[in-house]
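First the structure, in the form of structure tokens, and then the observations on it.
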Amino acid sequence: MGKTKTTRMPKTYKIIFIGTPEYSVPTLEALIADERFKVAAVITAPDAPVGRKQILTPPPVKVATQKFNLPILQPSKLCGKDVAVQRLYGELRDIKPDAIITIAYGQIIPPEILNIPKFGCLNLHASLLPKYRGASPIQAAVKNGDAQSGVTLMKMDEGLDTGPVIAQEKITIANNETGESLHDKLAKLSAQTLLKYLPDYLAGKITLQPQDDIKASLAPKLTRQNGCIDWTKPAVEIERLVRAYYPWPGTWSTWDTHTLKIISVSSKILKSAGNQPGSIFKYNEKLAVQCGENALVIETLQLEGKKLMSAEEFLRGYGNIVGATLRAVSPTSPTK
RNA sequence: CGCGGGGUAGAGCAGUUGGCAGCUCGCCAGGCCCAUAACCUGGAGGUCGCCGGUUCGAGUCCGGCCCCCGCAA
């Protein structure tokens with residue numbers, strides 16, 4: 001495909017891409033593949049030590065970028081008055097980008113950068129803003145049992161996911177949706193949404209819609225601690241929590257002195273009452289746990305130090321868990 | 001040297017102060033039954049992660065190494 005005798009070759013927009021994790025990759029690749037855009041540089045987080053062995057690992061966006069031989073910048077920070085940061089600003093200005101596209105970068109973008117591109121700095125967010133501003137919109141949608149989710153393309157301002165909306169695309173949340181599956185769907189949808197609306201936006205054909213701050217909600221960054229299961233809650237809520245927090249931050253409880261990760265539970269809720277919340281009983285060769293309302297059947301679990309296994313396998317070696325009671329080790333303060 | 005758990009039959013586990021290697025499930029064969037994923041009987045299947053040491057004797061005690069996993073980051 002050459003540009004041999006293109007008579008009306010449309011303008012190629014110069015883009016700076018900013019992103020870090022796997023979630024950002026489909027959008028980056030879509031931009032690179034699209035001839036209407038030229039990715040002039042990619043900004044991503046520095047390589048970080050990962051895992052028990054603390055092996056220095058490049059972020060997924062860096063790995064993806066390297067295949068195309070594009071310039072990669074990995075500043076440790078974007079704000080400040082140091083020489084390094086000022087030099088970065090200079091480099092970005094010299095590129096003279098038409099737009100900056102950010103998706104899941106992990107750091108606040110300062111005004112100095114927001115103002116560099118001709119058409120501003122755009123962000124793709126994994127929720128239907130103004131719902132679920134913040135770091136964990138995907139988990140929040142599944143956890144709360146929302147019927148749908150989606151992605152929002154917006155022009156960034158200095159606030160946290162508060163900028164005016166360029167476009168939104170919706171998606172239905174399946175009744176067996178997990179954080180992982182929705183993550184993957186929205187990552188692809190983000191790429192499609194960007195390609196669909198970015199050209200019109202750059203051509204000035206789209207009117208931006210301000211967000212209604214009254215309807216805004218926050219989905220803060222999650223930690224493992226958030227995955228502690230409160231068995232006094234209704235089974236339906238816990239079932240959604242387990243799905244929402246798979247694979248990150250995961251859900252867990254404690255059996256005696258051991259941490260027990262709950263990997264997956266059956267979507268079928270057991271009608272049952274009377275037992276103490278957290279108490280374990282056998283149900284069809286599997287484990288069931290009494291909740292505040294009804295009970296859950298555990299499908300897959302992992303005892304600390306052990307490999308992940310099915311409830312049946314687990315029961316062969318740890319039959320003595322039947323009759324025990326799972327407890328939350330620390331009283332989790334209600335988050336919402 | 002960040003903290004901790006673990007490697008024993010195909011799977012999941014037990015193995016007490018060193019003394020013939022066990023349990024549950026699965027698998028194979030036979031039996032019972034109208035029938036069965038149920039029940040009964042029998043059977044196969046293990047270099048106890050690797051190397052070395054102590055000992056009459058090591059899954060077990062000592063030293064070194066490899067691998068898996070939870071936490072923390």
Side-chain angles (χ1 to χ4, degrees), chain A residues 19-24 44-63 74-79 104-108 134-136 138-139 178-180 183 219-231 238 241-268 270 278-289 296-333 335:
Chain A
T20 300
E22 205 57 52
Y23 186 78
S24 316
T44 191
D47 295 9
V50 161
R52 235 181 325 268
K53 293 185 175 175
Q54 296 287 283
I55 296 168
L56 200 61
T57 309
V61 160
K62 181 180 183 182
V63 176
Q74 295 182 279
S76 54
K77 56 179 185 173
L78 299 182
C79 310
Y105 175 55
Q107 280 192 51
I108 303 285
S136 65
I138 298 173
Q139 287 95 333
T178 65
E180 184 178 50
H183 166 281
K221 186 179 167 85
L222 297 172
T223 69
R224 278 232 159 78
Q225 195 53 233
N226 292 314
C228 179
I229 295 176
D230 177 0
W231 297 105
I238 297 175
L241 184 78
V242 172
R243 276 192 285 125
Y245 284 9
Y246 177 83
W248 175 260
T251 45
W252 54 276
S253 195
T254 55
W255 170 34
D256 209 4
T257 58
H258 305 288
T259 300
L260 190 64
K261 298 179 84 171
I262 309 298
I263 308 299
S264 69
V265 299
S266 170
S267 59
K268 194 177 172 219
L270 281 187
S279 64
I280 290 185
F281 55 98
K282 207 169 170 181
Y283 178 80
N284 283 356
E285 304 305 314
K286 290 184 182 174
L287 288 176
V289 188
L296 283 177
V297 178
I298 296 178
E299 300 276 0
T300 322
L301 70 174
Q302 183 176 23
L303 186 63
E304 61 178 323
K306 292 298 188 175
K307 291 182 181 173
L308 183 153
M309 65 185 83
S310 69
E312 292 94 328
E313 287 176 310
F314 184 81
L315 219 39
R316 273 176 224 144
Y318 294 99
N320 58 335
I321 198 175
V322 175
T325 301
L326 299 180
R327 298 172 204 284
V329 105
S330 59
T332 44
S333 54
T335 48

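In what follows, every heavy atom counts, from backbone to side chain, and hydrogens, waters and symmetry copies are set aside. Just so it is clear: chains get the letters A, B, ... in the order the sequence lines come, proteins before strands, and each one is counted from 1.
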Q) Over how many whole Å does the gap from Leu303(A) atom CG to rG6(B) atom C1' extend? A) 10 Å

Q. In Å, rounded to the nearest 0.5 Å, how long is the span from CG of Leu326(A) to CG of Leu301(A)?
A. 9.5 Å

Q: Tell which nucleotide pairs with rU16(B), taking only Watson-Crick or G-U wobble pairs whose two distances are both under 3.5 angstrom.
A: none

Q) From the list rA73(B), rG12(B), rC69(B), which nucleotide is the closest neighbour of the side chain of Met309(A)? A) rG12(B)

(Q) Please classify the nucleic acid contact of Gly319(A) as base, sugar-phosphate, or nothing, using heavy-atom distances under 4.0 Å. (A) nothing

Q.
For the P atoms, the ones on rC62(B) and on rG2(B), what distance do you get once it is rounded to whole angstrom?
A. 23 Å

Q) Rounded to whole angstroms, how far apart are NZ on Lys306(A) and C1' on rG6(B)? A) 5 Å

Q.
Could you tell me if the side chain of Asp47(A) sits less than 4.5 Å from the side chain of Lys62(A), heavy atoms only?
A. yes

Q: Return the value, rounded to whole Å, for the distance between atom CD of Glu285(A) and atom C1' of rA37(B).
A: 10 Å

Q: For rU60(B), give its Watson-Crick or G-U wobble partner with both distances under 3.5 Å, or none.
A: none

Q | Below 4.0 Å: OP1/OP2 of rC71(B) and any side-chain N or O of Lys261(A) | A | yes

Q.
Taking only the P atom of each, what is the distance from rU60(B) to rC69(B) in whole angstrom?
A. 25 Å

Q: Please measure how far the P atom in rA37(B) lies from the corresponding atom in rA44(B), and state the result in whole Å.
A: 23 Å

Q: For rU16(B) versus rG10(B), give the span between their P atoms, rounded off to a whole number of Å.
A: 22 Å

Q) Now, which nucleotide makes the Watson-Crick or G-U wobble pair with rC39(B), with each of the two distances under 3.5 Å? A) rG31(B)

Q: Name the residue closer to the 5' end of RNA chain B, choosing between Gly51(A) and Glu313(A) according to the nucleotide with the nearest heavy atom.
A: Glu313(A)

Q | Distance, rounded to the nearest Å, where Glu304(A) contributes CD and rC68(B) contributes P | A | 19 Å

Just list the side-chain donor-acceptor pairs under 3.5 Å for residues 313-320 of chain A, sequence neighbours left out, or say none.
from      : atom 1 : to        : atom 2 : distance (Å)
Glu313(A) : OE1    : Ser310(A) : N      : 3.1
Glu313(A) : OE1    : Ser310(A) : OG     : 3.4

Q. Which one is paired to rG4(B), where only Watson-Crick or G-U wobble pairs with both distances under 3.5 angstrom count?
A. rC69(B)

(Q) Using whole Å, what does the distance between atom P of nucleotide rC71(B) and atom CH2 of Trp252(A) come to? (A) 10 Å

**Q.** Distance, rounded to the nearest Å, where Ile321(A) contributes CD1 and rU24(B) contributes C1'
**A.** 16 Å

Acceptor/donor pairs from residues 51-59 of chain A side chains to any protein atom, 3.5 angstrom cut, sequence neighbours excluded:
from     : atom 1 : to       : atom 2 : distance (Å)
Gln54(A) : NE2    : Gly51(A) : O      : 2.7
Thr57(A) : OG1    : Ile55(A) : O      : 2.9

**Q.** rC25(B) versus rA21(B) - spacing of their P atoms, nearest Å
**A.** 23 Å

Q. Considering only heavy atoms from C-beta outward, does the side chain of Ile321(A) approach that of Leu260(A) to under 4.5 Å?
A. yes

Q: Provide the distance between the two P atoms, one in rG53(B) and one in rC68(B), to the nearest whole Å.
A: 28 Å

Q: For rC23(B) and rA9(B), measure between their C1' atoms and round to the nearest Å.
A: 12 Å

Q. Expressed in whole Å, how much space separates the C1' atoms belonging to rG7(B) and rU47(B)?
A. 15 Å

Q) Heavy-atom distance under 4.5 Å between the side chains of Met309(A) and Gln302(A), does that happen here? A) no

Q: Would you mind telling me which of rC68(B), rC13(B), rA72(B) lies closest to the side-chain atoms of Tyr318(A)?
A: rC13(B)

Q: Can you tell me the distance, in whole Å, between the NZ atom of Lys53(A) and the C1' atom of rG4(B)?
A: 16 Å

Q) Rounded to whole angstroms, how far apart are CZ on Arg52(A) and P on rC68(B)? A) 8 Å

Q. Does Arg316(A) have a side-chain nitrogen or oxygen under 4.0 Å from the phosphate oxygens OP1 or OP2 of rC23(B)?
A. no

